[in-house]
Amino acid sequence: MGFQNEVSRVLDHFESSALVEEVICEISPETASLLEKGVLDIEAFPREDRRIVEKHLEALRKGEITVGWVPDV
């Protein structure tokens, strides 16, 4: 998909009996760590990731998207 590193946010959902993970964007390891800790203050994130976090803030608050690692396949 052209991502430069392995840290990506993914959206999980089920289709029939299969779990599907959709990569919706790439974030830095620092931002991933902050999101995993539950930090949602835009100013706490690295400047390059703030727009992405802000765009998905409501979904993050609702737990509709999560932070995950995309394995090298």
Peer 1: Just how far is it from atom CZ of Arg50 to atom CD1 of Ile42, taken to the nearest 0.5 Å?
Peer 2: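 Rounded to the nearest 0.5 Å, the CZ-CD1 separation comes out at 8.5 Å.
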Peer 1: For residues 33-41, tabulate all N or O donor-acceptor pairs below 3.5 Å that involve a side-chain atom, not counting sequence neighbours.
Peer 2:
{"unit_1": "Asp41", "atom_1": "OD1", "unit_2": "Glu43", "atom_2": "N", "d": "3.3"}

Peer 1: So how far is it from Cys25 SG to Lys55 NZ, rounded to the nearest 0.5 Å?
Peer 2: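 Those atoms lie 7.5 Å apart.
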Peer 1: Drop me the distance from Ile27's CD1 to Glu48's CD, to the nearest 0.5 angstrom.
Peer 2: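 The CD atom of Glu48 is 11.0 Å from CD1 of Ile27, to the nearest 0.5 Å.
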Peer 1: Does atom CZ of Arg51 have more than 12 heavy-atom neighbours, drawn from other residues, nucleotides or ligands, at distances under 6.0 Å?
Peer 2: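 No, CZ of Arg51 has 12 or fewer neighbouring heavy atoms, counting only those of other groups under 6.0 Å.
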Peer 1: Out of curiosity, Glu26 CD to Ile52 CD1, how far, rounded to the nearest 0.5 Å?
Peer 2: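 One finds 8.0 Å between CD of Glu26 and CD1 of Ile52.
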Peer 1: Mind listing the closest non-hydrogen atom pair of Ile65 and His56 along with its distance?
Peer 2: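 It is CD1-CB, 3.6 Å.
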